[in-house]
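Okay, so here's the structure we're looking at.
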Amino acid sequence: MPELPEVEVVRRGLERWTAGRTVAAVEALHPRAIRRHVAGPDDFAARLVGRTLGVAQRRGKYLWVPLGEDEAVLGHLGMSGQLLIQPIGAPDEKHLRVRITFTDDGPELRFVDQRTFGGLSLEALKDGVPATIVHIARDPLDPEFQDAKFVAALRAKNTGVKRALLDQSLISGVGNIYADEALWRARLHFDRPGTSLTLPEAKRLLTAAREVMAEALAVGGTSFDALYVNVNGESGYFSRSLNAYGRAGQPCGRCATLITRVAFMNRSSYFCPRCQKAAGQNLVARS
DNA sequence: AGTTGCCCCTGCGCGC
DNA sequence: TGCGCGCAGGGGCAAC
C-alpha cells in the first residue's frame, strides 16, 4: 500500500498491535522479500528472535520498528505489500512472505506481497533513521519538513514537476495518485519544468500535496481493492474523493472538461487539459 | 552531476 | 476458452 497516507495507516496499526511485544519466531518464506537484508534470510530471522519491538516510525513510504537504540526492522511495501495482524492459525495468504510470531502467543505479524517489490531488512540506525534510507527526504507531514528549502529545490529542477514530486530524495511520501491529485488542486500541468514554476505556483503545489495526503489519511487512505488495507484488512475511503487519478473520460470537478490520461514514466498521468495547461499555454494565457 | 529509461514481479481485465 | 497485451498506489540503478 504505497503512498504516505496508506503507509501511515499501517504504521499506526503496528504501533497499536506490535509495540512492546517480543519476537518468538520468524519464518522467511520467500527470499526475495528479504533481499535488502544483505546477510540473507536466515540471518534476518536469527537476529530478530528474542528482540522486543519498539514503536513503529515512518519517513515517506518507508517504515521501521526500532529494536533498541541502534537497530531497526525496516520495511517497504512496494506496490503490493501488506503488513497484517492475524490470529494464529488463520489460513496462510497466497502471497505470505514472512511470518513473525510473539512470545505472548497473541496474533502474529505477516508480510504479504503479491509482486515482491517490497521487503523487510534489519538496519543500523543512524541518528534514529535506518542507514540505508538516509537519502530519503522528510515528508510534508513531518514537522521538520522545510518548506522553503523544498520550494527552492523544486524550482531549480529542469525535469517535469511531476517527476520531481515523485523523487523521494526531494520530497517523500508522494506517489502516482497524490502527485496527480496535488497537481490538479494546484492547477499545474504535470510536465511543466520545475524551473518554469513561479514562487506562488511552487508553494501552491506543496500546500496541495500536503493537504491531499492529510485528507486521505483522515479517512484511512485510498483503497481500490483488497490489496490496500490496514493491518486488520480494512479499506480506506479516499478513492471517492479523487478528482483526477483514474478518472479518464470523466468530467473535471471544476470545469467539466473531460479528464485526460497520458502515459508517463511507464505509468499514467491524469489531468484536466483545461485547468492544467502546459507551460507554453500558461505563459500565453498570462501575457 | 543531473536526468532518464529500464527492470524487478504477479495478476487482472480487455480485445481478438 | 484461450492467449497476448497493457496496466497496476514503487524505486534502485545503469546509462546517457
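These numbers come from the heavy atoms of this one structure, side chains and all, not from hydrogens, waters or symmetry mates. In what follows, chains are A, B, ... by sequence order, proteins preceding strands, each numbered from 1. Note that the structure is predicted; figures quoted are calculated from it, not measured.
With respect to the salt-bridge test (charged N to carboxylate O, under 4.0 angstrom), the residues Arg11(A) and Glu8(A) qualify. For the pair Lys203(A) and Asp147(A), the salt-bridge criterion is not met [side-chain N within less than 4.0 Å of a carboxylate O]. By the 4.0 Å N-to-carboxylate-O rule, Arg32(A) lies too far from Asp113(A) to be salt-bridged with it.
The CG-P distance, from Leu154(A) to dT3(B), rounds to 11 Å in whole Å. For the pair Arg35(A) CZ and dG11(C) C1', the computed distance is 10 Å after rounding to whole Å. Here the P atom of nucleotide dG11(C) and the CZ atom of Arg36(A) are 10 Å apart, to the nearest Å. Counting to the nearest Å, the P atom of dG9(C) and the CZ atom of Phe264(A) are 12 Å from each other. Whole-Å rounding puts the Met79(A) CE to dC12(B) C1' distance at 13 Å.
His37(A) and Phe44(A) have perpendicular rings, their planes meeting at more than 60° on a 0 to 90° scale where under 30° would count as parallel.
Glycosidic conformation, dG9(C): syn, with the torsion inside 90° of 0.
Comparing dC7(B) with dG6(C), their P atoms sit 14 Å apart, to the nearest whole Å. Look at the P atom in both dC6(B) and dC7(C): the space between them is 14 Å, to the nearest Å.
At a cut-off of 3.5 angstrom, counting only N and O atoms as typed in the model, there is a donor on one side and an acceptor on the other between the side-chain of Arg163(A) and the base of dG5(B).
Toward the 5′ end of DNA chain C lies the nearest nucleotide of Arg115(A), the other residue of the pair Arg115(A) and Ile133(A) mapping further downstream.
Note on Phe238(A): nothing from the nucleic acid sits closer than 4.0 angstrom, heavy atoms only. The residue Arg261(A) sits close only to the backbone: its heavy atoms come under 4.0 Å of sugar-phosphate atoms, none of a base. Using a 4.0 Å heavy-atom distance criterion, His30(A) is classed as making no nucleic acid contact. Counting any heavy atom pair closer than 4.0 Å across all strands shown, Tyr178(A) reaches no nucleic acid atom. Nucleic acid contact class of Asp180(A) (heavy atoms, under 4.0 Å, all strands): none. Using a 4.0 Å heavy-atom criterion, one finds that Asn266(A) contacts the bases of the nucleic acid, with or without backbone contacts as well.
Between the side chain of Arg185(A) and the backbone N or O of Arg187(A) there is no donor-acceptor pair closer than 3.5 Å.
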Applying the Watson-Crick and G-U criteria (both distances under 3.5 angstrom) with [ ] for crossing and | for other-strand pairs, one obtains for DNA chain B .|||||||.|||||||
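Of the candidates dG12(C), dG9(C), dC8(B), the closest approach to any side-chain atom of Arg32(A) belongs to dC8(B).
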